[in-house]
Amino acid sequence: MSVPLPESDSEDELPPAWEERATNDGFVYYVNHQNKTTQWTHPRTGKMKRVCGELPLGWSKHVEEGTGKIIFVEDATQRKSYTDPRLAFATEEAPQAVGELRQRFDSGTKALQVLHGRDLSGKTALITGANTGIGFETARSLALHGCEIIFACRNESATKEAIGKIINEKEAIGLKCKYVKLDLASLRSVKECARQVKTECKHLDFLILNAGVFALPYSTTEDGFETTFQVSHLSHFYLTSLLSDLFDHTSRVIVVSSESHRFSMLPSELSETDLSPPANKFWSMMAYNNAKLFNVLFACELSKRWKTRGISVFALHPGNMVSSQLPRNWWFYRILFAIVRPFTKSLQQAASTTIYCATAPELNGFTGLYFNNCYVCDPSGPSKNEQMQQKLWTLSEQMIERGLQ
């Protein structure tokens, strides 16, 4: 139960037991010494702050011998401090209103055009389902601009073949792509994937939840859940939770959904059978629509829960009936997708919104938004239902706990 903060004459004054600090790159964070926790937003105002500009006259910055910590020295008195003196002049991060975002790209933009001139060296992205389709184009585009890519996929041989294509194209020794096994139809595989990633990686800049299935006949996973639901939502939910320690205020979580989420017919009072229906209540197309709604509901709820950490969470629609391996499970959809192929986006165009959400600098400070054609748009009414968002979260936690027993 939250405890109300003490009254203060100044909105910006910190409550007792709180301390303001700054990172080396100028982001202000707040330490609660009583609870031994930290957060990126001011405990009273809920806003983020940054320090910028040169140090005040007479101050210099050094690296302390022995500890390697940044230390600030007042030259006249040789007084030393671990606290950045610019904190006294920190300014609030004031992102523009959503409606003021300028649309720089559109439906015809390619992912590599979004990244034009960008250097992503030192950045790391984990992408599920990155060995084919939109996921592959997303991974390829980021890798060609210097980003290290973790391919989280089920099929090892297909993934290594995909990595080989990128390496051959780049023809650069410094390209970093690695494979980690992830079978989204198995919660234990998700757990092992997260363990391996945390062993080899200390920080994730981009988590791109791209993998999904479409038009599957009814089946259940080894954990006892309907396959479309688990692969498209539940395992991604679990993976994100397990990787939580690898994110900070510079990280973004990108959830690839679809405009199909608008055609879900789920009731506002969600139950487990709505999430993972029995065979007699299953229709493959509706299962897909529902899963895409779960993606947006999850992104909205996650954005609220992680807002104090400064982590941005976005959901998006990549494009309609894009020519990929998504319809491979039923001949009817394979034919339909082939017929409309000349009128739909290319894979490079379909990957552009994912790339935009992950890397666009103007999205700093925003979270919980839904994008289509590289621009923010309004998702469906049910996806904004806070009761549904919270219920999905609770049911997902309960189902994972039971599935792992």
Side-chain angles (χ1 to χ4, degrees), residues 128-129 132-135 138 153-154 182-185 208-221 223-239 254-268 270-300 315-341 344-345 347 350-351 353-354 370-372 377 379-383 385 388-389 392 395-396 399:
T128 66
T132 187
I134 298 172
T138 301
C153 308
R154 179 171 55 87
L182 173 63
D183 182 354
L184 292 167
I208 300 176
L209 305 177
N210 165 83
V213 289
F214 173 79
L216 281 182
Y218 181 80
S219 63
T220 57
T221 66
D223 304 301
F225 304 117
E226 191 276 314
T227 303
T228 301
F229 161 71
Q230 179 166 337
V231 170
S232 299
H233 164 70
L234 191 65
S235 289
H236 279 144
F237 176 96
Y238 187 37
L239 179 66
I254 313 301
V255 185
V256 179
S257 179
S258 169
E259 282 290 274
S260 295
H261 84 277
R262 301 185 188 278
F263 303 103
S264 169
M265 299 176 65
L266 287 169
S268 57
L270 290 176
S271 67
E272 282 198 17
T273 55
D274 295 317
L275 276 58
S276 178
N280 64 337
K281 294 185 178 180
F282 177 82
W283 177 31
S284 62
M285 195 64 228
M286 192 54 65
Y288 178 77
N289 295 345
N290 292 345
K292 296 296 102 177
L293 176 59
F294 297 149
N295 292 156
V296 184
L297 289 168
F298 165 56
C300 290
L316 66 97
H317 169 62
N320 294 315
M321 303 181 73
V322 177
S323 179
S324 67
Q325 292 191 24
L326 190 64
R328 63 187 178 274
N329 297 300
W330 193 17
W331 65 266
F332 173 77
Y333 287 114
R334 290 199 300 272
I335 294 174
L336 181 60
F337 274 57
I339 292 173
V340 302
R341 181 175 182 176
T344 61
K345 290 183 179 182
L347 290 174
T353 303
T354 303
Y370 177 77
F371 289 82
N372 185 5
C377 66
S380 69
S383 71
N385 185 319
M388 290 184 73
Q389 295 166 7
L392 175 65
L395 289 174
S396 297
M399 295 169 83

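Reckoned from all heavy atoms, side chains included, excluding hydrogens, waters and symmetry mates.
Side-chain contact check for Asn210 versus Thr354: every heavy-atom pair is 4.5 Å or farther apart. Within the 4.5 Å cutoff, the side chain of Thr128 has heavy atoms near those of the Leu182 side chain. With a 4.5 Å cut-off on side-chain heavy atoms, Val213 and Leu184 do not count as touching. Between Thr353 and Pro318, every side-chain heavy-atom pair lies at or beyond the 4.5 Å cut-off.
Applying the salt bridge (charged side-chain N to carboxylate O under 4.0 Å, His left out) test to Asp223 and every residue at least two apart in sequence or in another chain returns Arg188. Residues passing the side-chain contact (heavy atoms from CB on, under 4.5 Å) test with Cys300 are Val296, Gln389, sequence neighbours excluded. Residues satisfying the ring-ring contact (aromatic ring centres under 6.0 Å, His included) test with His261, not counting sequence neighbours, are Tyr370.
Under a 3.5 Å cut-off, the side chain of Ser276 and the backbone N or O of Glu272 do not form any donor-acceptor pair. Not one N or O on the side chain of His317 forms a donor-acceptor pair closer than 3.5 Å with the backbone of Asn372. In this structure a side-chain-to-backbone donor-acceptor pair under 3.5 Å is missing from Ser235 to Val231. Not a single donor-acceptor pair under 3.5 Å links the side chain of Asn290 to the backbone N or O of Ser264.
Interatomic distance, OG of Ser258 versus CZ of Phe263, reported as 8.5 Å (0.5 Å rounding). The CZ atom of Phe298 sits 6.5 Å away from the CZ atom of Phe237 when rounded to the nearest 0.5 Å. Rounding to the nearest 0.5 angstrom, the gap separating the CG atom in Leu234 from the CG atom in Leu392 is 9.0 Å. Taken to the nearest 0.5 Å, the OG atom of Ser383 stands 12.0 Å off from the CG atom of Leu266. Rounding to the nearest 0.5 Å places CZ of Phe214 at 10.0 Å from OG1 of Thr228. Residue Glu226 holds its CD atom at 10.0 Å from CG of Leu275, rounded to the nearest 0.5 Å.
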- Task: Given side chain to side chain contact (heavy atoms under 4.5 Å, CB included), test Phe229 with Met399 step by step and report yes or no.
- Result: CA-CA 12 Å; Phe229 161 71; Met399 295 169 83; 3.5 Å; yes
- Start with the C-alpha gap between Ser284 and Leu216, add the side-chain angles, then the distance that decides, and say whether side chain to side chain contact (heavy atoms under 4.5 Å, CB included) holds. CA-CA 6 Å; Ser284 62; Leu216 281 182; 5.8 Å; no
- Item | Trace of the side chain to side chain donor-acceptor pair (under 3.5 Å) decision for Asn295 with Lys292 | CA-CA 5 Å; Asn295 292 156; Lys292 296 296 102 177; 3.0 Å; yes
- Yes or no on side chain to side chain contact (heavy atoms under 4.5 Å, CB included) for His236 and Val255, after CA distance, side-chain angles and deciding distance? CA-CA 9 Å; His236 279 144; Val255 185; over 6 Å; no
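Across all their heavy atoms, Pro217 and Phe282 have their closest contact at C-CE2, 3.9 Å. Residues Ser396 and His233 come closest through the heavy atom pair OG-NE2, 2.9 Å. Heavy atoms only, all atoms of each residue included: Arg262 and Ser380 are closest at NH1-N, 3.4 Å. When all heavy atoms of Ser232 and Ala291 are compared, the pair lying nearest together is CB-CB, 3.7 Å. In plain terms, the two heavy atoms of Thr227 and Ser219 that are nearest each other are OG1-OG, 2.7 Å. Ala315 and Ala299 get closest at one heavy-atom pair: CB-CB, 3.9 Å.
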